[in-house]
Every structure is written in C-alpha cells, then in structure tokens.
Amino acid sequence: MIEERKAQTVLNLLTEIGEMMITSGAHTARIIRNLERIAKGLGYHCELVLTYTGIVISVYKENKLKAHTLARTVKAKGLNFETISEISILSWDVLENKISISEIKSILKKIKKKTVYSNLQLYVLAPFASVALCMLFDGDWLQSLIVYISTLCGYFARRTLMLKHHNHIFAFFIGATISTLIIHFSGIFFNIQVKEALVVSVLYLIPGAVMINSFIDYLEGYFESGTARFIYSLMIVLMIAFGFFTSAMIFDLPIMNKLNLFDLSQLQTSVKEAFVPVGLGIETSKLIFGGITSLGFALMFNTPKRALWTVFLLGAVGYLIKFLLFQELEMNLILSIFIASSFVGISGMYFAHRTHTPPIIFMIPAVINMIPGLISYEFMMGMIDWISNDKGQKPSVEEVIQTFSYGISTVFILFALAFGVAFPIIVFKSYTVKGKDLNVLILKLFKKNT
C-alpha cells in the first residue's frame, strides 16, 4: 500500500510538472527529457504521450504490468521561459541530489508564485521591441512614438484578456485591432506617413515561439504536437490579419478623412532627415536596435533575468549578420536569415551553461527581430485589396503572382528562421550543455559519427 501511494504521488507530481511546461511554451522533447529525468531521480521509469492539449503519463518500477497511468487535459496557453528554466534546473537537482518529493513540491510552489517582471516593467519596457523594429525597418522617430503607444495599448488589452482567461484567439484579434486602429488614426489625424509603423504594428503578436516549437517537434518526430502547435499559430495569425483588415476597412471609409485636423508631414520629413545614420552609424544602429528588439520580446516571454545579456548579444549580432549578408553582400534574403539564425542557434549552445539556462529560452527571442515584417505586410495588404474591391473587378495576373510571391517568401523565411534555431538543438540533443562547452560537444559528436 505504501508503494502504491508513493507511485501515485510521483504520477501526480510528474503530471503537474508536465502541465506547467506545456502551458509555459516548452517543446515536446524538452518536456519528455525533464520528466524522465525527474522520474529516474525518484526511482521510477515513465512513459509519456504528449499533445498540445493533453498529457498521458505512466510510471512503474521494473514491471510495466504494474504501471500507474494518469491523463490530464491542458487548456491554458502561454509563454513563461522562467518556469521552463527553473524546472530544468529542478530536474537535474532531483537526478543528482535525490531530493525528496516534499522538497520538489515546495520548489514547484515557489516557481508558480514567482514573478519575473512586474506589470509596470512589462507595460513600460516591452513596447520598446516594436519601437526598435520600426527603426530597423527604416521608420522615423515620430512613427516610433506612435508605435510605442499602439503596442502599449494593444499589449495591455491582449494580456488583460488572457489573464482573465478569455478566449486566446479573440484576445489576439482585439490586440491587433486596437494597435492598428491607433496607427491608422494617427496617420489621418496628423497627416503623416505611417507605413513602417503599420508594418511592425502587429509583429509583437506574431506567435514566433509557437511556430519554432512546432518546427522542432516536427524535426524530432512529434508530429501530433507539431501539427497542433502549427494550427494554433496559424489561427492566431489569421486573427491578427483579420484585426488588421478590420482597422483598414474602418479607416477606408470616406468620412474618416474629416479627422485630418493637423499637418505634421513637414515635421516628419525634418525629423527623418535629422536622424538618418550614415557610414558606420548604419551598422551600429542595426546592432543596437536588433538587440533592443530581442530584449523586448524576452520580457514578453518572461525570460530569466540572468539570460537577458545573452539575448541582447545574440539578437544584436544575429540581426547584424543578416543585414550585412543581405544588404552589403546582396545575398538571398532567405539564405541570409538562415545563416544568421544558425549563428544564434550554435552560439546559444555555447552560452547555455554560462547562464544555467536551456538554450532555446534565449534563442527564440534573439531571432524574433528577423521576422519578415515588410514582406508579410505586403502580402496582407494585397489580400485586403482583393477583399475590399467593391467594384467587383478581378485582380490582374501580375497582382495575384506578386501577392502570392510575398506569401510564399514569408513562409520560407519563417521555415529558415525556425530551422536555423532548431538544427543545433537536434544535432546536440544527445548531450546536455550542462557544465560543458560547445567544442566538447562537437568533439563528442565527431567521434560518435566516425
């Protein structure tokens, strides 16, 4: 009876930890590795079946016929890289130091209660990710100010709805609608150009982490989880596009032109000309704004504070590599992004043990600044033009080809981005980076293959 109760306690504990990792945005292989590590530290074997919406776990000693099994539905969605990191550390502590179940439960309570960043920090600092993106896309400081306000309002609305457990898909639609409404309104009200602001207006909502996790799941053979994540991220993108479309349709009405009360077009031109970087200043600005963008997304993902310097460094250098390859060396955009994201992925393996953090936790925010904002914007606007054509005219063949060209390019860029981050994790998945350097991992892999 005592052994039966202990097995059931271990089963409940593993299920709780698995649910925490799923709702925090961990990919499937990491969840399985951590749970198997904890089970082994407690003297058990475990077998798992994971989906994006549920978990099934069996634990046993030696005889599988005496296994205990538990299934649980997981509905909540979110991103909390601090939780993933702390559970990873906990799993090693259980395996190496054989800590008790009561100690594990105590640590889990602390992890659940831990707040990485206050609401004030998130609402004040996270919108700077959109500001930096606007500058990376050659926007001006006037547009950046508008982007900061629109991101703050949209992010606040989306986060509030999600914290109150409203439908996640609906929350992304509301966030996208509010952000784009503010930018469209500012463009008409002040008579200024807001294209760059619109390009980045909804990028903070793009489920980049879910897309990358989906791709990692596919590469590691977890097709059910990968497909579920991909469909979920696709639904979010569709809601973001619908929010953008709703805002565009509202401000496309003739009556909206009456809102033009100020003319700041000359001021905008003066501001843009006064702050145009030249020479080495171009590369320096790309380096700094690339790092700031990654830091902003790291805050949104609740990345551990100890890893922020790594996020900034990898995000800044990664974006600079992409910029130099594409702009200076005129390399293909997809190849440039793949090389830059591969640099982030490989470097992340090196920095993982230095920050005592799983590499994926700072790899994902570090590559978000390479999301194809302008191309996806052109694709979205092409689709909106087709839908909003009230004269019933069919688009020309050239327009159709151009629009779908933007869409296909967006998809391939996202795949290049995800694969660049994912392949170092897949290649080195047999070896933990805990306490090891990258050159040691490469040497082990080379010996194994030869």
Side-chain angles (χ1 to χ4, degrees), residues 123 127-131 133-135 137-161 169-206 237-276 373-396 399 402-403 406:
Y123 293 136
F128 279 106
S130 296
V131 172
L133 272 175
C134 185
M135 299 305 296
F137 291 150
D138 298 324
D140 55 74
W141 285 106
L142 194 57
Q143 289 188 78
S144 296
L145 176 61
I146 297 170
V147 164
Y148 180 90
I149 297 172
S150 68
T151 301
L152 173 61
C153 296
Y155 179 61
F156 175 81
R158 191 213 67 176
R159 188 166 181 267
T160 301
L161 290 173
I169 305 297
F170 177 73
F172 277 87
F173 165 72
I174 294 298
T177 304
I178 291 175
S179 292
T180 49
L181 278 173
I182 292 174
I183 294 176
H184 277 120
F185 172 79
S186 301
I188 294 177
F189 190 77
F190 297 110
N191 190 30
I192 57 176
Q193 197 274 116
V194 292
K195 179 179 179 179
E196 288 78 12
L198 286 172
V199 168
V200 304
S201 61
V202 295
L203 291 186
Y204 74 95
L205 296 168
I206 297 296
V237 170
L238 289 175
M239 287 298 100
I240 293 172
F242 187 55
F244 198 105
F245 171 77
T246 301
S247 174
M249 290 301 96
I250 291 174
F251 281 91
D252 196 40
L253 298 173
I255 193 174
M256 291 298 171
N257 292 327
K258 297 180 180 180
L259 296 175
N260 185 2
L261 300 181
F262 297 93
D263 188 357
L264 301 183
S265 57
Q266 293 297 325
L267 176 62
Q268 183 181 37
T269 303
S270 301
V271 169
K272 191 166 187 176
E273 291 176 351
F275 292 97
V276 174
L374 183 59
I375 296 177
S376 57
Y377 170 81
E378 296 292 353
F379 172 68
M380 194 182 305
M381 292 306 298
M383 297 298 291
I384 289 175
D385 288 340
W386 295 358
I387 297 172
S388 61
N389 190 350
D390 55 358
K391 296 181 180 179
Q393 296 179 351
K394 296 182 179 179
S396 65
E399 291 175 338
Q402 186 64 62
T403 299
Y406 287 132

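Take Ser144 and apply the side chain to side chain contact (heavy atoms under 4.5 Å, CB included) test, not counting sequence neighbours, and it matches Val131, Cys134, Met135, Trp141. Shown here are the side chain to side chain contact (heavy atoms under 4.5 Å, CB included) partners of Leu259, two or more places apart in sequence or in another chain: Phe185, Ile188, Phe251, Met256. Partners of Phe173 according to the ring-ring contact (aromatic ring centres under 6.0 Å, His included) rule, which considers only residues two or more places apart in sequence or in another chain, are Phe242. Scored by the salt bridge (Lys or Arg N to Asp or Glu O under 4.0 Å) test, Asp263 finds no partners at all (sequence neighbours excluded). Residues meeting the side chain to side chain contact (heavy atoms under 4.5 Å, CB included) test with Thr160, sequence neighbours left out: Tyr123, Phe156, Lys164. The side-chain hydrogen bond (donor to acceptor under 3.5 Å, both in side chains) check on Ser130 picks up Thr151, with sequence neighbours excluded. Judged as a side-chain hydrogen bond (donor to acceptor under 3.5 Å, both in side chains), and not counting sequence neighbours, Tyr155 has no contacts. Judged as a salt bridge (Lys or Arg N to Asp or Glu O under 4.0 Å), and not counting sequence neighbours, Lys272 has no contacts. Legend: residues meeting side chain to side chain contact (heavy atoms under 4.5 Å, CB included) with Ile178, ordered by chain and number and at least two apart, are Cys153, Ala157, Ile174, Ile182.
Rounded to the nearest 0.5 Å, atoms CZ (Arg158) and CD1 (Ile240) are 9.0 Å apart. A distance of 12.5 Å separates CD1 of Ile169 from CG of Leu161, quoted to the nearest 0.5 Å. Note that CG of Leu198 is 8.5 Å distant from CD of Gln193, once rounded to the nearest 0.5 Å. Residue Leu264 holds its CG atom at 11.0 Å from OG of Ser270, rounded to the nearest 0.5 Å.
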- side-chain contact (heavy atoms from CB on, under 4.5 Å) between Phe262 and Asn191: does it pass, once the steps are laid out? CA-CA 6 Å; Phe262 297 93; Asn191 190 30; over 6 Å; no
- Take Leu203 and Phe137 through the side-chain contact (heavy atoms from CB on, under 4.5 Å) test and state the conclusion after the steps. CA-CA 12 Å; Leu203 291 186; Phe137 291 150; 3.8 Å; yes
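Within 6.0 Å of the CG atom in Leu253, the count of heavy atoms belonging to other residues, nucleotides or ligands exceeds 12.
Judged as a salt bridge (charged side-chain N to carboxylate O under 4.0 Å, His left out), the pairs with a partner in residues 137-148 (not counting sequence neighbours) are, in order, Asp138-Lys286. Applying the salt bridge (charged side-chain N to carboxylate O under 4.0 Å, His left out) definition to pairs two or more places apart or across chains, those involving residues 180-199 are Lys195-Glu378.
Taking the side chain as every heavy atom from C-beta outward, Ser179 and Phe244 never approach each other to under 4.5 Å.
In terms of heavy atoms, Leu205 sits closest to Phe172 at O-CE2, 3.2 Å. Considering all non-hydrogen atoms of both residues, Ile183 and Ala197 come closest at CD1-O, 3.4 Å. Listed here is the closest heavy atom pair of Val194 and Gly187: CG1-CA, 3.7 Å.
At least one donor-acceptor pair closer than 3.5 Å links the side chain of Ser247 to the backbone N or O of Thr180.
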